[in-house]
Colleague: 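Here it is: the structure, laid out below.
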Amino acid sequence: MGTFRWFLFIVSIWLMCGSAHAERRIALVMGNSAYKNVGKLSNPANDAALVGGMFKKAGFDWVDIRTDLKASEMRKALRDFGGRARDAEVAIIYYAGHGIELDGTNYLIPTDAALETDSDVLDEAVGLDRALFAVEPAKQLRLIILDACRDNPFAKTMKRTVAARAIGRGLAKVEPTSPNTMIAFAAKAGSTASDGDSKDSPFALALVERLPTPGLDLRKAFGFVRDDVLKSTSYQQEPYVYGSLGGDDVALVAAKPAPAGPQASPQDAVRRDYELALQLGTRDGWTAFLSQYSEGFYSNLAKGQLNKIAAEEARAAATEKARQTEDEKARLVADRAKKTEQDKAAAAAKAAEDARIAAEKVKQVEETKAAAAEQRRKEIEAAVAKALADKQAADQKVATLSSPAPASEPAQSTQELAKSVQSELRRVGCLADAESGEWSAKSQRSLSLFNKYAGTKLNTSLASSDALDAVKARSGRVCPLVCEHGFRADGDACVKIACRAGYRVNDDNECEKVQDKKPVATREDAKKRDADRKQTEATPAKPSASGQMVCNSAGCRPVRPGCHVARTSWWAGNLQNSEVCN
């Protein structure tokens, strides 16, 4: 019996060690800045330190940070890393520096490369295939991140040994053949990346911001990285990911395990107070929030909301100032004041209008910042809530399968369940009815709206515990806010649309200029017009004469109007002609 116990003990230790061993995560980080034959790059060494620190904080078992590597050093680092990857679940390589594409193949350039001719690339550079070979043994995830899409100076000076050989701009598209392999480029294939204005590149900054989010799937994390880089580079640089993963979520940092029982988190109280201040949307509300929570994520968001309110107040003051100066200018013109006073008023009006325009721009900037911060808050809360919900569901399923059925408890009444579902629907902005406990047609429509915007397929005909759990899992607003005419949605509140002087809100909820009425002819003008027309029509037409004379035996007379002389002849010593009329 004792031998059997020792056997079980050894097996359990072996299983635990094997499990811990299988979770090994390793990373190789390389940054080449000090190139010997071309200009020095300022960012790659800094980016390598930043990304390597991120992997260490994420709890990786082994992180190797190398900078300014020669060709032999790069090959040795990849060879050693490949040996470690045989025992790893996750293997990641990050490289920052120069890269080049030759005939559709990508190469990483060491610091001692000269690359005088295109054939030197094969000997002096390190192929991307070598990095793929190094991560190949990893069992769960193989990831290569390349911040090497810069405008390459080697390609400009390199001599071609074959005229038809292509040297592309940036790096070429890659399609990994191994499963669960991803290659992330700082810029899409065929385009170049920016180093930015700071000591770190926009791509590296976005990586350390998004990848370590607990429980966030890598595909979604790189999607957020793409959005951040596009915004920071004015949509000039678009990161791109090649390869594919399976259907399960793969997070760089696992979600924190949920506590065994329901426990209130300090952040829940802060979030609730923040959402209350957001609904108020006033300076006093945000000031009260910051007096209680002076630091942290939500306090920074609150400061952004205060900046937006200050910008709106400045814009309103500038608009009123512009209106007053314009009225003063009009008054001076109407009173026929001195030209100097009118010029002074006109200058004041122009200055006030310029101030109003500047305040309007500041307001728009602050609104954009606040909206972006609010969107990012919702994304983070949604990602964390999803990870926690999935974890809790998995734990609950395991507990249900492994533990005996609990003693039956009194079920919640139908009215109480309906009221609970209605309360949660109101919290996420979907309830269009009072919380009466009666599951009416309005409550069914509210749950249908939740299905539409949350992507669920809950039964709307009755209030169920599944519906209650699904709505509770949502941390923020789900259904969009609908405002009345003359109001617009601002976060979770409706604010009145304020138009400047001379403008009004139209049917499309937009400010449009008030059109001046066109002048209409008066009755006196019509009478004068009719009198002039009658006088003109009563005036006889003046006779017109051609100046010709017609003669015969009776004598001569002028030709009648509309007639002319046809022919002239002499007869018996007298002049004779004939008159022809039309």
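Side chains included, hydrogens not; waters and symmetry mates left out as well; all remaining heavy atoms used.
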Colleague: Can Thr460 and Gln444 be counted as having a side-chain donor-acceptor contact under 3.5 angstrom?
Modeller: no
Colleague: Counting C-beta onward and ignoring hydrogens, is there a side-chain heavy-atom pair between Glu366 and Ile309 closer than 4.5 Å?
Modeller: no
Colleague: Quick one: CZ on Arg356 to NZ on Lys363, what's the gap to the nearest 0.5 Å?
Modeller: 11.0 Å
Colleague: Is there a side-chain contact between Tyr242 and Lys173, using heavy atoms and a 4.5 Å cut-off?
Modeller: yes
Colleague: Strictly distance-based, threshold 3.5 Å: is any side-chain N or O of Thr287 a donor or acceptor partner for the main-chain N or O of Arg283?
Modeller: yes
Colleague: Please tabulate, for the side chains in residues 218-227, all donor-acceptor contacts under 3.5 angstrom to protein atoms that are two or more places apart in sequence or on a different chain.
Modeller:
from: Arg219; atom 1: NE; to: Asp217; atom 2: OD2; distance (Å): 2.9
from: Arg219; atom 1: NH1; to: Leu245; atom 2: O; distance (Å): 3.4
from: Arg219; atom 1: NH1; to: Gly246; atom 2: O; distance (Å): 2.5
from: Arg219; atom 1: NH2; to: Asp217; atom 2: OD1; distance (Å): 3.3
from: Arg219; atom 1: NH2; to: Gly246; atom 2: O; distance (Å): 3.2
from: Arg219; atom 1: NH2; to: Asp248; atom 2: O; distance (Å): 2.9
from: Arg226; atom 1: NE; to: Glu238; atom 2: OE2; distance (Å): 3.2

Colleague: Which residues pass the side chain to side chain contact (heavy atoms under 4.5 Å, CB included) test with Thr368, sequence neighbours left out?
Modeller: none
Colleague: Below 4.5 Å, heavy atoms only, C-beta onward: do Tyr298 and Lys303 meet side chain to side chain?
Modeller: no
Colleague: Could you report the tightest heavy-atom contact between Ala277 and Gly285, atom names first, then the distance?
Modeller: CB-O, 4.1 Å
Colleague: Could you walk me through whether Gln279 and Glu275 pass the side chain to side chain donor-acceptor pair (under 3.5 Å) test, one step at a time?
Modeller: CA-CA 6 Å; Gln279 291 179 0; Glu275 291 177 349; over 6 Å; no
Colleague: Got a donor-acceptor contact below 3.5 angstrom from the Arg477 side chain to the Cys479 backbone?
Modeller: yes
Colleague: Do the side chain of Arg323 and the main chain of Arg500 share a donor and acceptor less than 3.5 angstrom apart?
Modeller: no
Colleague: Do Phe154 and Ile109 come within less than 4.5 Å of each other through their side chains, counting heavy atoms only?
Modeller: yes
Colleague: Scan Leu425, Leu458, Leu417 and name whichever one has a side chain to side chain contact (heavy atoms under 4.5 Å, CB included) with Leu468.
Modeller: Leu417
Colleague: Distance from Arg474 atom CZ to Lys472 atom NZ, nearest 0.5 Å?
Modeller: 15.5 Å
Colleague: Is a donor on one side and an acceptor on the other found under 3.5 Å between the side chain of Ser423 and the backbone of Lys419?
Modeller: no
Colleague: Between Asp273 and Tyr293, is a side chain to side chain donor-acceptor pair (under 3.5 Å) present by the stated rule, with each step listed?
Modeller: CA-CA 10 Å; Asp273 291 345; Tyr293 309 105; 2.5 Å; yes
Colleague: Might you point out which heavy atoms bring Arg427 and Val471 nearest each other, and give the distance in Å?
Modeller: NH2-O, 3.1 Å
Colleague: Between Ala467 and Leu447, which heavy-atom pair has the shortest distance, and what is it?
Modeller: CB-CD2, 4.3 Å
Colleague: Got a second to check how far Phe55's CZ is from Leu252's CG, nearest 0.5 Å?
Modeller: 6.0 Å
Colleague: Grab the two heavy atoms, one from Asp147 and one from Ala204, that are nearest each other, plus how far apart they are.
Modeller: OD2-N, 4.3 Å
Colleague: Applying side chain to side chain contact (heavy atoms under 4.5 Å, CB included), name anything that partners Leu205, two or more places apart in sequence or on another chain.
Modeller: Leu50, Ser198, Asp200
Colleague: If you take all heavy atoms of Cys511 and Ala498, which pair is closest and at what distance?
Modeller: SG-O, 4.2 Å
Colleague: Can you list the steps and then say if Ser443 with Gln422 is a side-chain contact (heavy atoms from CB on, under 4.5 Å)?
Modeller: CA-CA 7 Å; Ser443 299; Gln422 289 170 345; 3.0 Å; yes
Colleague: Tell me if a side-chain donor or acceptor on Tyr35 pairs with a main-chain N or O of His98 at a distance below 3.5 Å.
Modeller: yes
Colleague: Evaluate Phe487 against Ile497 for side-chain contact (heavy atoms from CB on, under 4.5 Å), listing each step before the verdict.
Modeller: CA-CA 5 Å; Phe487 292 80; Ile497 299 175; 5.5 Å; no
Colleague: Any chance you could lay out the side-chain contact (heavy atoms from CB on, under 4.5 Å) test for Val514 and Tyr503, step after step, and finish with the verdict?
Modeller: CA-CA 5 Å; Val514 179; Tyr503 286 77; 5.7 Å; no
Colleague: Does Asn32 reach the main-chain N or O of Gly97 with its side chain, forming a donor-acceptor pair under 3.5 Å?
Modeller: no
Colleague: Test your reading of the model: is there a side-chain donor-acceptor pair from Asp47 to the backbone of Ser201, 3.5 Å cut-off?
Modeller: yes
Colleague: Distance from Glu295 atom CD to Asn300 atom CG, nearest 0.5 Å?
Modeller: 9.0 Å
Colleague: Keeping the roles fixed (side chain from Asp228, backbone from Ala206), state whether a donor-acceptor pair exists under 3.5 Å.
Modeller: no
Colleague: Hey, is Glu353 close enough to Lys350 for a salt bridge, meaning N to O under 4.0 Å?
Modeller: no
Colleague: Taking atom SG of Cys430 and atom CD of Glu424, what is their separation to the nearest 0.5 Å?
Modeller: 11.0 Å
Colleague: Heavy atoms, side chains only, cut-off 4.5 Å: are Ile183 and Phe185 in contact?
Modeller: yes
Colleague: Please check this pair: side chain of Thr213 against backbone of Leu216, looking for a donor-acceptor N/O pair closer than 3.5 Å.
Modeller: no
Colleague: Can a side-chain donor-acceptor contact be found between Gln324 and Glu320 if the only test is distance below 3.5 angstrom?
Modeller: yes
Colleague: Give the minimum heavy-atom separation between Val229 and Pro202, together with the two atoms involved.
Modeller: CG2-O, 3.8 Å
Colleague: Look only at the side chain of Thr67 and the backbone of Ala45, and say whether a donor-acceptor pair between them is shorter than 3.5 Å.
Modeller: no
Colleague: Taking side chain as C-beta onward, heavy atoms only, is Ile144 less than 4.5 Å from Leu146?
Modeller: yes
Colleague: Is the shortest heavy-atom distance from the side chain of Pro44 to the side chain of Ser33 under 4.5 Å?
Modeller: yes
Colleague: Count the heavy atoms belonging to other residues, nucleotides or ligands that lie under 6.0 Å from OH of Tyr240, then report whether that count exceeds 12.
Modeller: no
Colleague: I'd like to know if Glu360 and Arg315 make a salt bridge, using a cut-off of under 4.0 Å between side-chain N and carboxylate O.
Modeller: yes
Colleague: Calculate, to the nearest 0.5 Å, the distance between atoms CD1 and CD1 belonging to Ile92 and Ile145 respectively.
Modeller: 6.0 Å
Colleague: Are the side chains of Tyr274 and Trp286 in touch, meaning some heavy atoms are under 4.5 Å apart?
Modeller: yes
